[in-house]
Participant: 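Before anything else, here's the structure in question.
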Amino acid sequence: MNSSHSCKASNWIRFLRQYGPIPRNDNMYDEAIQRVLKRHKEISAIRFEPAHLKELVDNFKSNDPYSVILTGTAGDGKTFYCREIWQALLGSLDQWDSSKKVQYASVGDKTLVVIKDLSELTDEKNDCLKKMVDAITGNNQNEVYLIAANDGQLMEALASVNSDIDITPIRKEIENLLVLDKRETQKFKLFLYNLSRLNAAHIFPKVLEAILEHPGWNECSQCPFQESSEGSLRCPIIENKKRLEDKLFQNRLIDLLELCELNGLHVPIRQLLILLANAVLGHSDAKDKLMTCEEVPRILKEKKASLASVYSNILGENLSARRRESTTIFEVLGRFGIGNESSNRIDNMLIFGEDDPELSNDYKALVGIDPYYGANASYRNLQKAYLEGATPEEQQQFLDLLKIQRQRLFFTIPEEQQKEMHLWQLTVFHYAGEFLNNIYQALKEKKTERISNVVVAKIVRGMNRIFTGLLVNNKDELILATSGSFSQAKICRVFEEFISVQKKRGEYITLELDSDSNKPTLVVSLSANTNMQKAKMLLNLTRYEYLCRVAEGALPNSFSRECYEDILAFKTRLLRQLFARRQEEREEGESENYMVLRLITELDSNGMLHNPYSLEVNI
């Protein structure tokens, strides 16, 4: 294959490029994409079945439909849902594409009123909301509503409605639905779907399949660069598509997205489309940093195909730092620090592996096997120069390549080598795999036997070190301590109580899946009395990483302050529970004229606290 061949432009690639992080404000809005599709009728839309769509359509087709409010952040698909529901109810697409802000269609004996963006309404807003209020209270039997709005705009609009009836109860009920993450109410004929609650990790496989299986790829079958030949590489766009088809790569991406959700970082559907378009088309030396078919021959001729690495594109490395930080998905994934973090074993393999007998097998299997994005000519030349005495410029170039290789390794190290190669040390969160698999998945699948005592012991030891400010190694009981009057002092030597990890007189420490947030939660019980609430703390990825790092003896400055304060706030709740238990246990009429102070004066040679020093004080 000769790189001088021309490359016919693919309409599909041009369309896919519209989803990428190109510097235009409107390119990702649903209406803009629809306009592109109308101009290029030979291209079909990227389609996948979103969550809840069928039940929403069924609701409006039922004999007694409820009004629906769709809320969520920008890019969650509110307009997309509205259009799909409209089409499913046989609404006219020409009518939908008109400039009207409020659309009407017949559903049974009612009129469906669709407001696809509440923020666009001006003079008609008050009248529409008044009628919607009448519909959800049952006073308006003729209409049913479908409204898309973000929650802030919605609450603000409802607060300003000028109505003959008091709508405060309705506003409060909608606010409760948002706060409690509930979908329906017993009081009104209303469903509220918060699309920001949809888990990106669950949606991602559908979006990925819709792109990888799109019929537009058939256009590439006639491309002269679709396959590699002697002395030349295949088109990097095709190469990246094939890499994305790899299940291991997909699973690592899904793990990252799941961890984002567990850490309270929501990724909208629009951002998943940006991610995948950039993964396939990204190139730091292309126009707008996204490849076109016309640019492929030049990229291959100049031997710059390696700059299109899908493993770096997935992290937005083809973009400028400013663009990367301003794009939600890349800012979120950037928090993992993939490529900036490493281990001695990984770096030694990357630098010395080709010549070191102890590392050569790993090097061949993980680096040498990939001449496209792994041990290509550029990498080998700079590696040789680095080992033989490179110039400062060559040294920096090789260090930049090491970062790119670490990124590739994170997505390509086989599952069976994950533990041996310390995969998660390639990220800021060294314990992320443990948190995801040994805690979250185990709780989700109700296989609590998979949550080993080692995991709980590590959490308890980390908390003990924070609670006391001392390098204690106790892991079978939680140590509650204060400084006498101030529970949040850095060092606390006034011992209050041991709380047993194993069940003992109503005391225990365990991990559960929170029913509301569906996230791992640390649960501490101090009493068998059912009237005394258990103390709970959501255990997100950052908190777990912090506790594990502290348990292993380190205090990471990058995220310690916020976590430290969270843990101390939990300690304060535990102390309140403890004092309430003591009050409950105190015998009626008992008179005490002394108190016992128990002090943490020393730990044994293994760092264990056993019997605090007791001091009786008259009061």
Participant: Are the side chain of E184 and the backbone N or O of L190 linked by a donor-acceptor pair below 3.5 Å?
Facilitator: no
Participant: To the nearest 0.5 Å, how far apart are CG in L112 and OG in S67?
Facilitator: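 L112 atom CG to S67 atom OG measures 8.5 Å (nearest 0.5 Å).
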Participant: Side-chain contact test, heavy atoms from C-beta onward, threshold under 4.5 Å: evaluate it for T521 versus L443 and give yes or no.
Facilitator: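 They are not in contact (no side-chain heavy atoms under 4.5 Å apart), so the answer is no.
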Participant: Nearest 0.5 Å, please: how far is CG in L257 from CG in L253?
Facilitator: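 Taking CG in L253 and CG in L257, the distance rounds to 6.5 Å.
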Participant: Do you know the tightest heavy-atom contact between L522 and M463?
Facilitator: CD2-SD, 3.4 Å
Participant: Measure the CG-CD1 distance between L56 and I85 for me, rounded to the nearest 0.5 Å.
Facilitator: 4.5 Å
Participant: Under 4.5 Å between any side-chain heavy atoms of L265 and L259, yes or no?
Facilitator: no
Participant: Determine, stepwise, if the pair V107 / K61 fulfils side chain to side chain contact (heavy atoms under 4.5 Å, CB included).
Facilitator: CA-CA 7 Å; V107 285; K61 285 183 175 179; over 6 Å; no
Participant: Begin from the C-alpha positions of L212 and Q250 and carry the test side chain to side chain contact (heavy atoms under 4.5 Å, CB included) through to its verdict.
Facilitator: CA-CA 12 Å; L212 293 180; Q250 293 176 16; 4.1 Å; yes
Participant: Are there over 12 heavy-atom neighbours, none belonging to E245, within less than 6.0 Å of that residue's CD?
Facilitator: yes
Participant: Looking only at the side chains, is there a donor atom on one of Y145 and E143 sitting less than 3.5 Å from an acceptor on the other?
Facilitator: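 A pair is found: one side chain offers a donor N or O, the other an acceptor, under 3.5 Å apart.
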Participant: Taking atom CG of N63 as the centre, does the number of heavy atoms from other residues, nucleotides or ligands within less than 6.0 Å exceed 12?
Facilitator: no
Participant: Do the side-chain N and O atoms of R14 and N11 include a donor-acceptor pair separated by under 3.5 angstrom?
Facilitator: yes
Participant: Could you report the tightest heavy-atom contact between F60 and V144, atom names first, then the distance?
Facilitator: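 Between these two residues, the closest heavy atoms are CE2-CG2, 3.9 Å.
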Participant: Would you give the length of the straight line joining atom CD1 of I170 to atom NZ of K187, rounded to the nearest 0.5 angstrom?
Facilitator: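 The distance works out to 11.0 Å.
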Participant: Do any N or O atoms from the side chain of Q271 and from the backbone of G75 form a donor-acceptor pair under 3.5 angstrom?
Facilitator: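 Pair absent, no side-chain N/O of Q271 close to backbone of G75.
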Participant: Tell me, please, which residues at least two apart from W12 pass ring pair (Phe, Tyr, Trp, His ring centres under 6.0 Å).
Facilitator: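 Here the qualifying residues are H214, W217.
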Participant: Indicate yes or no for a side-chain donor-acceptor contact from N313 to the backbone of G316 under 3.5 Å, with no hydrogens or angles considered.
Facilitator: no
Participant: Should D117 and K78 count as an ion pair when the cut-off is N to O under 4.0 Å?
Facilitator: no
Participant: Cationic tip of K116 within the cone over W86's six-membered ring, i.e. under 6.0 Å and within 45° of the normal?
Facilitator: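 The answer is no, since K116 fails at least one limit relative to W86.
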Participant: Just list the side-chain donor-acceptor pairs under 3.5 Å for residues 531-540, sequence neighbours left out, or say none.
Facilitator:
residue: N540; atom: OD1; partner: T542; partner atom: N; Å: 3.3
residue: N540; atom: OD1; partner: R543; partner atom: N; Å: 2.8

Participant: Are the side chain of S196 and the backbone of T73 linked by a donor-acceptor contact shorter than 3.5 Å?
Facilitator: yes
Participant: For the OG atom of S160 and the CE atom of M155, what is their distance to the nearest 0.5 Å?
Facilitator: 11.0 Å
Participant: Decide side-chain hydrogen bond (donor to acceptor under 3.5 Å, both in side chains) for D166 and T168; before the verdict, give the C-alpha distance in whole Å, the side-chain angles of both, and the deciding distance to 0.1 Å.
Facilitator: CA-CA 6 Å; D166 180 15; T168 304; 2.7 Å; yes
Participant: Is there a donor-acceptor contact under 3.5 Å from the side chain of E124 to the main chain of L121?
Facilitator: no
Participant: Between the side chain of N140 and the main-chain N/O of V133, is any donor-acceptor distance below 3.5 Å?
Facilitator: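 Flag not set: sc N140 to bb V133 has no pair under 3.5 Å.
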Participant: Using a strict threshold of under 4.0 Å (side-chain N to carboxylate O), is an ion pair present between E331 and R335?
Facilitator: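 Yes.
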Participant: Please check: side-chain N/O of D514 versus main-chain N/O of P520, any donor-acceptor pairing under 3.5 Å?
Facilitator: no
Participant: Show the nearest heavy-atom pair for residues L37 and A45, with the distance to one decimal.
Facilitator: CD1-CB, 3.5 Å
Participant: With heavy-atom distances below 4.5 Å as the criterion, would you say the side chains of L281 and I237 are in contact?
Facilitator: yes
Participant: Can you tell which of D255, L262, L256 makes a side chain to side chain contact (heavy atoms under 4.5 Å, CB included) with E258?
Facilitator: L262
Participant: For residues L118 and A157, report the shortest heavy-atom separation together with the two atoms involved.
Facilitator: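 Closest approach of L118 to A157, heavy atoms only: CD2-CB, 3.9 Å.
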Participant: Would you tell me whether E173 and T185 have side-chain atoms, one donor and one acceptor, within less than 3.5 Å of each other?
Facilitator: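 Indeed, the side chains of E173 and T185 share at least one donor-acceptor pair under 3.5 Å.
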Participant: Between R270 and D76, is there a salt bridge with N-O shorter than 4.0 Å?
Facilitator: no
Participant: Restricting to non-hydrogen atoms, name the atom on L319 and the atom on K289 that form the minimum distance, rounded to 0.1 Å.
Facilitator: CD2-CB, 3.8 Å
Participant: Give the ring-plane orientation class for F80 versus F48, where under 30° counts as parallel, over 60° as perpendicular and anything between as tilted.
Facilitator: parallel
Participant: Can a salt bridge be assigned to the pair E120 and K101 using a cut-off of 4.0 Å between side-chain N and carboxylate O?
Facilitator: no
Participant: Does either side chain, that of N318 or that of N278, offer a donor lying less than 3.5 Å from an acceptor on the other one?
Facilitator: yes
Participant: Evaluate the side chain to side chain contact (heavy atoms under 4.5 Å, CB included) criterion for residues H266 and T328: first the C-alpha distance (whole Å), next the side-chain angles of each, then the deciding distance (0.1 Å), finally the verdict.
Facilitator: CA-CA 9 Å; H266 173 61; T328 300; over 6 Å; no
Participant: Is there a donor-acceptor contact under 3.5 Å from the side chain of S10 to the main chain of I13?
Facilitator: yes
Participant: Could you walk me through whether V310 and F249 pass side chain to side chain contact (heavy atoms under 4.5 Å, CB included), step by step?
Facilitator: CA-CA 10 Å; V310 66; F249 190 7; 3.8 Å; yes
Participant: Ignoring hydrogens and angles, tell me if any N or O in the side chain of S527 forms a donor-acceptor pair with the backbone of N529 under 3.5 Å.
Facilitator: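 The answer is yes, because a donor-acceptor pair under 3.5 Å joins these two groups.
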Participant: Identify which one of F410, Y431, F429, F336 satisfies the ring pair (Phe, Tyr, Trp, His ring centres under 6.0 Å) criterion when paired with W424.
Facilitator: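 That would be F410.
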Participant: Does atom NZ of K54 have more than 12 heavy-atom neighbours from other groups under 6.0 Å away?
Facilitator: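 Counting neighbours around NZ of K54, 12 or fewer heavy atoms of other residues, nucleotides or ligands fall under 6.0 Å, so no.
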Participant: Kindly indicate whether the side chain of L178, heavy atoms from C-beta on, has any atom under 4.5 Å from the side chain of T71.
Facilitator: yes
Participant: With a 3.5 Å cut-off and no angle check, do the side chains of E434 and Y544 form a donor-acceptor pair?
Facilitator: yes
Participant: Which heavy atom of F330 sits nearest to which heavy atom of L275, and what is that distance?
Facilitator: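 Of all heavy-atom pairs spanning F330 and L275, the closest is CE2-CD1, 3.9 Å.
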Participant: Verify whether one side chain among S312 and Q407 offers a donor that lies under 3.5 Å from an acceptor in the other.
Facilitator: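 Distance-only check passes for S312 and Q407.
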Participant: To the nearest 0.5 Å, tell me how far N518 CG sits from N199 CG.
Facilitator: 8.5 Å
Participant: Salt-bridge test for R183 and E55: reply yes if a basic N is under 4.0 Å from a carboxylate O, no otherwise.
Facilitator: yes
Participant: Are any side-chain N or O atoms of E295 and backbone N or O atoms of T292, one a donor and one an acceptor, separated by less than 3.5 Å?
Facilitator: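 Yes, the answer is positive, given that a donor and an acceptor are paired below the 3.5 Å cut-off.
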Participant: Go through the side-chain N and O atoms of T137 and N139 and say whether any donor and acceptor fall under 3.5 Å apart.
Facilitator: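 Present: a donor and an acceptor within the cut-off.
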